[in-house]
Amino acid sequence: MLHLSARMPERGLDVRLHVERGETVAILGPNGAGKSTLLGVLAGLVRPETGRAALAGRALFRLGSESADDQHGHASREFAAPGGSRTGRPQDTWLPPHARGVALLAQDALLFPHLSSAANVAFGPRSAGATRREAQARALHWLGEVDATDLAARRPARLSGGQAQRVAVARALAAEPQLLLLDEPLAALDVAAAPVLRRMLRRVLADQTVLIVTHDVLDALTLADRVVVMHEGRIIEQGPTRDVLERPRTRFTADLAALNLITGTNTHAGVVMDADATVILPCPSGAPADMPAGSRVGVAVRPANVLVSLTEPRGPNLTVLPALVRDLEPRGDVVRVRSDGLFADLTPRVIADLDLGPGIRAYFSFAAVDAVTYPL
Ligand SMILES: Nc1ncnc2c1ncn2[C@@H]1O[C@H](COP(=O)(O)OP(=O)(O)OP(=O)(O)O)[C@@H](O)[C@H]1O
């Protein structure tokens with residue numbers, strides 16, 4: 001459905017991405033990773049130096065004599081230039097934003113202030129040649145889909161943030177884009193409005209092809225079939241949402257999924273930890289076929305399964321890592337205790353009993369049964 005390869009050295013961007021029809025892909029990554037730039041490239045707002053993109057078999061752009069694909073040695077048939085010519089600039093193609101079949105919805109709804117909600121939503125169909133009556137019917141249909149029928153006559157100034165965002169979603173979908181791009185659509189909303197809008201998005205995005213940039217793991221879990229993690233302009237992790245978030249490969253994804261991640265090398269004796277080769281974690285089932293001795297593995301442990309004590313705990317199949325407590329952060333019913341190594345979620349009662357605070361030397365431990373070990 002969507003094939004993209006793009007390189008933009010001045011922003012450090014170098015990505016290749018493929019999205020299936022009807023798929024929702026969440027793009028995660030730290031600030032400055034290139035997520036918005038990627039959406040801008042697809043929307044036609046940011047021009048990469050080289051690369052190619054095709055949506056439903058139609059070229060969105062073809063720039064430069066070498067695509068990023070070629071450089072990676074993965075020239076794809078979708079991108080093949082007619083006659084295999086690679087002589088470059090004269091053959092560049094760059095469709096303007098309005099001709100791409102791509103709709104971009106930003107964090108701020110950016111509705112036309114002088115138009116009612118219905119007229120905002122009808123704008124796309126009108127521009128595409130629909131009659132006034134058809135456009136009006138389509139606007140009312142999409143306002144209904146986003147539970148905003150009662151807002152049809154209102155102007156944007158009289159809409160709350162959540163209502164405006166709903167109208168903006170209807171406006172984007174009314175244009176019947178082949179690809180919908182959402183750039184942190186829930187980030188500007190207050191905590192009460194976000195869950196309602198998230199449920200609505202889950203419903204209306206089900207049949208659409210969507211890329212959604214988010215910082216919220218909940219958005220990824222509720223909305224996305226697949227997750228792509230970007231770092232410094234490149235895709236460093238991708239896969240089905242649950243796989244990526246339950247078996248993180250990088251510190252960034254582990255933090256996002258609120259999991260402890262220990263990386264190491266599998267041996268017949270257990271997992272030798274990268275950070276401290278004297279620590280060998282018991283491997284629950286020896287060296288299974290997908291994790292032969294010598295292979296790189298990740299070990300994920302939920303913070304709720306990490307114990308903290310002031311004396312060294314002992315036991316078979318227990319991994320014990322001494323560390324200085326760095327900080328304590330209340331999170332609902334628990335307190336997250338961070339160290340330079342593991343972090344743990346403890347109850348306030350346990351914190352008080354241990355008299356834990358920053359700078360205290362403690363033992364962070366977990367049982368082998370609570371660790372998930374997987375190939376990296
Ligand atoms: N308009 C711009 N002009 C020049 N450089 C830019 C522009 N916008 C972003 N950049 C640079 O491009 C790189 C990628 O930024 P981008 O905004 O795409 O990242 P992001 O992952 O969307 O970050 P955030 O999560 O903070 O929105 C950064 O180095 C950034 O400084």
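Since this is a predicted model, take the numbers as computed values, not measurements. Remember, it's 1-based here, ligands and their atoms both numbered in the order they're listed.
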Who clusters with Phe123? Use side-chain heavy atoms, under 4.5 angstrom, across I, L, V, M, F, W and Y, and order the result by chain and number. Phe112, Leu115
Sidechain-backbone polar pair: Arg338 side chain, Val325 backbone, donor-acceptor under 3.5 Å: no
May I ask you to say whether Arg336 pairs ionically with Asp327, meaning some side-chain N is under 4.0 Å from a carboxylate O? no
Identity and separation of the nearest protein heavy atom to atom 27 (O) of ligand 1: Ser36 OG, 3.8 Å
So, is Gly34 polar-close to ligand 1, with some N/O to N/O distance under 3.5 Å? yes
What protein heavy atom is closest to atom 23 (O) of ligand 1, reported as residue, atom name and distance in Å? Gly32 N, 2.8 Å
Distance filter under 4.0 Å to Ala33 heavy atoms, resulting ligand 1 atoms: 19 (O), 20 (P), 21 (O)
With Arg47 as the cation and Trp94 as the aromatic partner, state whether NZ or CZ is under 6.0 Å from the six-membered ring centre and within 45° of the axis. yes
Counting only non-hydrogen atoms of the protein, does one fall under 4.0 Å from atom 30 (C) of ligand 1? no
Among all protein non-hydrogen atoms, which one is nearest to atom 26 (O) of ligand 1, and what is the separation to 0.1 Å? Asn31 OD1, 3.2 Å
Run the numbers for me: atoms of ligand 1, each under 4.0 Å from some heavy atom of Pro30, listed by number. 21 (O)
What atoms of ligand 1 come closer than 4.0 angstrom to any heavy atom of Thr37? 14 (C), 15 (O), 16 (P), 18 (O)
Distance under 4.0 Å to a non-hydrogen atom of His215: what atoms of ligand 1 satisfy this? 25 (O)
Are Glu237 and Thr253 close enough that a side-chain donor and a side-chain acceptor fall under 3.5 Å? yes
Counting only heavy atoms not in Asp150 (residues, nucleotides, ligands), do more than 12 fall under 6.0 Å from its CG? yes
Only distances under 3.5 Å count here; give the side-chain donor-acceptor pairs of residues 176-183 to other protein atoms, sequence neighbours excluded, each with its distance to 0.1 Å.
residue : atom : partner : partner atom : Å
Asp183  : OD2  : Ser36   : OG           : 3.1

Measure from atom 11 (C) of ligand 1 to every heavy atom in Glu184, Arg11, Lys35, Met230 and give the option owning the shortest one. Arg11
